[in-house]
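Following: one structure in structure tokens, then a few remarks.
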Amino acid sequence: MGDSHSYDRISVHQALGGGSVADVLLWRKRCGGVVLLVSSTILWFLFERAGYNFLSFVSNVLLLLVAILFFWGKSASLLNRPLPPLPDLEISDQSVVKAADEIQVWVNHALSIARDIAMGRNLSRFLQVAFLLWVVSYVGSVFNFLTLVYIGVLLSLSVPVLYEKFQDHIDEKLCKIQRVIQMQYRKIDESLLKKIPLPQNKQKKTQ
């Protein structure tokens, strides 16, 4: 069992994409992790505790940035100094196509789930989606959106690191929990769910 477990071991870095984002989330680039943690904490404190308005804050920051760049450019032309080192501010076609493809995959997957639920084909999928939406509704009633985003940032900077460090022990516990859930689901499925008539069964009979 130990050999199969070590064989099934996955790389957390590769699961997170294997790029710079994975390096930040796993604290391999400590500077990036510190910047993300500090900036998210400051923004959460400003908007959640200090009472700043998000729209006015963004407008003031952009106004300050535009003013600095404008006066920098004017002073550079008058004093024969170099202009602000700004890159070409444009989005390439490849980036747009790649983002559109990623969004298309997720949207099509969500639409396929919604279609299966609407057609009554998959009762277990319906129960899973209903439970997930109930959990989201309950969590949303306890925390606001900004606090949820901040909690998500904290979890993304802590959970992957802990999982990578204690992956063997966590996988063992998760396997046990998965077996228990599957056993309970089979009992519910055999005693209750299979007795509920579905439209798919009627279609098969007519065929």
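Any value given below was found using the heavy atoms of this structure, including those in side chains, with hydrogens, waters and symmetry copies removed.
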Is it the case that one hydrophobic cluster holds both [X] and [Y], taking links as side-chain heavy atoms less than 4.5 Å apart, direct or via other members?
X: V153; Y: F145; value: no
X: L43; Y: V149; value: no
X: L157; Y: L162; value: yes
X: F54; Y: Y150; value: yes
X: I181; Y: I170; value: no

Nearest-0.5 Å distance that lies between atom [atom1] in [X] and atom [atom2] in [Y]:
X: K176; Y: K173; atom1: NZ; atom2: NZ; value: 4.5 Å
X: W44; Y: I151; atom1: CH2; atom2: CD1; value: 8.5 Å
X: N108; Y: I103; atom1: CG; atom2: CD1; value: 11.5 Å
X: Q184; Y: Q182; atom1: CD; atom2: CD; value: 11.5 Å

Original post:
Going through the checks in order, is the side chain to side chain contact (heavy atoms under 4.5 Å, CB included) test met by L37 and L154?
Top reply: CA-CA 7 Å; L37 179 60; L154 295 180; 3.5 Å; yes
Subject >> Side-chain donor/acceptor of S137 to backbone N/O of L133, under 3.5 Å >> reply: no
**OP:** Would you please test D171 and Y163 for side chain to side chain contact (heavy atoms under 4.5 Å, CB included) and show each step?
**Re:** CA-CA 9 Å; D171 287 343; Y163 178 72; 2.6 Å; yes
Original post:
Taking C-beta and beyond as the side chain, do F126 and D116 meet within less than 4.5 Å on heavy atoms?
Top reply: no
Original post:
Any side-chain heavy-atom pair from D23 and H13 closer than 4.5 angstrom?
Top reply: yes
**OP:** Could you check L64 against N60 for side chain to side chain contact (heavy atoms under 4.5 Å, CB included), going step by step and ending with a plain yes or no?
**Re:** CA-CA 6 Å; L64 180 62; N60 291 330; over 6 Å; no
Original post:
Looking at P160 and L25, what are the two nearest heavy atoms and their distance?
Top reply: CB-O, 4.3 Å
